[in-house]
J.: 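This is the structure I have questions about; it appears just below.
Please read these numbers as outputs of a predicted model, since none were measured by experiment. Letters A, B, ... are given to chains in the order of the sequence lines, protein chains preceding strands, and every chain is numbered from 1.
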There are 2 protein chains.
Amino acid sequence: MARTQGSHSDITGPRVRAAALRLFASQGYAAVSMRKIASEVGLQVGALYNYTADKQSLLFDLMNEHLQALLEARANASANGDPMDRLQEFTAFHIRYHEERPDEVFIAYMELRNLSPENFVVIEKLRDRYEGELEAILSDGVRAGVFDLAEPKVSARAIISMLNGVTTWYRRGGRLSLDEVETVYWNMVRKAVSR
Amino acid sequence: MARTQGSHSDITGPRVRAAALRLFASQGYAAVSMRKIASEVGLQVGALYNYTADKQSLLFDLMNEHLQALLEARANASANGDPMDRLQEFTAFHIRYHEERPDEVFIAYMELRNLSPENFVVIEKLRDRYEGELEAILSDGVRAGVFDLAEPKVSARAIISMLNGVTTWYRRGGRLSLDEVETVYWNMVRKAVSR
DNA sequence: GTCTATATGCTGATAGAC
DNA sequence: GTCTATCAGCATATAGAC
């Protein structure tokens, strides 16, 4: 009997974060009250504070965990090899990873201004690291003479903006499959960086 | 003496909208109270309701006026001629027009979810019209054999997403001039659509 | 046109019973 | 771990004096 009856912290904690994620994504951080989150989980407000210090921590934790997982998922990607292959791999990865996590992605770039200044610095650093991975691919390609880009850093931002757009309109079961969408975007990215 | 002394509706109205615009853009619609807007203008809350029916109308009017002006500014653009020239003109126009109105642009795509359902429909239609102008250029280019795009509609969205990204990082007085930024983006757009 | 005062309800967060 | 009760403050919007 290692556990008190009625102790559900191991399951309730994730449910609180899941509810906050869904509500923040659909209504925005500022428009979601702790009461709404509690009622979504089936709790009273007070109980929420067993799982988070405050509302701000809830937002920060969601964004932080998302970006940590994103970088973790990229950890296996090769940093060597043909830049064109690496770029294709990055493009496919970005589209698929983000399509599977629309709420996390939405929050990660819509709610930056609702982070406290200290939390913002942390999140911004993680975003820069991810962007830096694409920039490295582009710079390597320019050095190798495969890509023609005057400003790899600016181009990296441009490509990520373009790819992020997918999450704003793509819906499963729509006219195009994700494979088809991936092909359309990859063709544009490939040509945009080429000589 | 055509005007009562102390009557400032002609000047106060625009100041209210300007304050709302600035505050909505920097803090988000839900996080900005009518009190904050009033104090920004130098009024008490009650006086605000001489200039707007409610907070929602304030948001809708800002977005509506922005999109109407955007479409108006495009009205002179030629719908004939070389698709490549028209695309370059669109790209330059979009970057410059949006760079001059960062707050309006930010609100127009960040605060869509805070519109009432009826208002959302109106705004969405205006956005579709603008997107449709780019799509028409791309489709014409595909027909003319100048562009190679399997999905002009998807490509239009991709290009607009990419161009919109400029407003999220570009700051005047930074390392690159707007001319240079425009060149970088135009080179990528041009290559992305070409055969 | 602007003010003050007010109605009514929600906010984040905490205290203490169970 | 969850509940109820409560705090102090702010939300949108309106009414009526000037």
J.: Between D:dT14 atom P and B:Y51 atom OH, what is the distance in whole Å?
T.: 17 Å
J.: Can you list the residues that meet the salt bridge (charged side-chain N to carboxylate O under 4.0 Å, His left out) rule with A:D61, with sequence neighbours excluded?
T.: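 Salt bridge (charged side-chain N to carboxylate O under 4.0 Å, His left out) list for A:D61, sorted by chain: empty.
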J.: Enumerate the residue pairs fulfilling ring-ring contact (aromatic ring centres under 6.0 Å, His included) with a member in residues 96-116 of chain B, sequence neighbours excluded, ordered by first and then second residue.
T.: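 The answer is B:F93-B:Y97, B:H94-B:H98.
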J.: Taking only side-chain N and O atoms of B:T12, does any of them lie within less than 4.0 angstrom of OP1 or OP2 on C:dT2?
T.: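 Looking at the OP1 and OP2 atoms of C:dT2, one of them is under 4.0 Å from a side-chain N or O of B:T12.
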J.: Quick one: B:L48 CG to D:dT14 P, roughly how many Å, whole number?
T.: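 About 13 Å, once rounded to whole Å.
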J.: Provide the full list of salt bridge (Lys or Arg N to Asp or Glu O under 4.0 Å) pairs with a residue in residues 114-128 of chain A, sequence neighbours left out, each pair given once.
T.: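 As it turns out, there is no salt bridge (Lys or Arg N to Asp or Glu O under 4.0 Å) pair with a partner in residues 114-128 of chain A once direct neighbours are skipped.
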J.: Treat primed atoms plus P, OP1 and OP2 as sugar-phosphate and everything else as base, then score nucleotides 3-18 of chain C 5' to 3': B for base contact with protein heavy atoms under 4.0 Å, S for sugar-phosphate contact only, - for none.
T.: SB------BBBB----
J.: Enumerate the salt bridge (Lys or Arg N to Asp or Glu O under 4.0 Å) contacts for residues 181-195 of chain A, please, sequence neighbours excluded, ordered by first and then second residue.
T.: A:R96-A:E182
J.: Got a sec, which pairs hit ring-ring contact (aromatic ring centres under 6.0 Å, His included) with one end in residues 175-195 of chain A, sequence neighbours left out?
T.: none
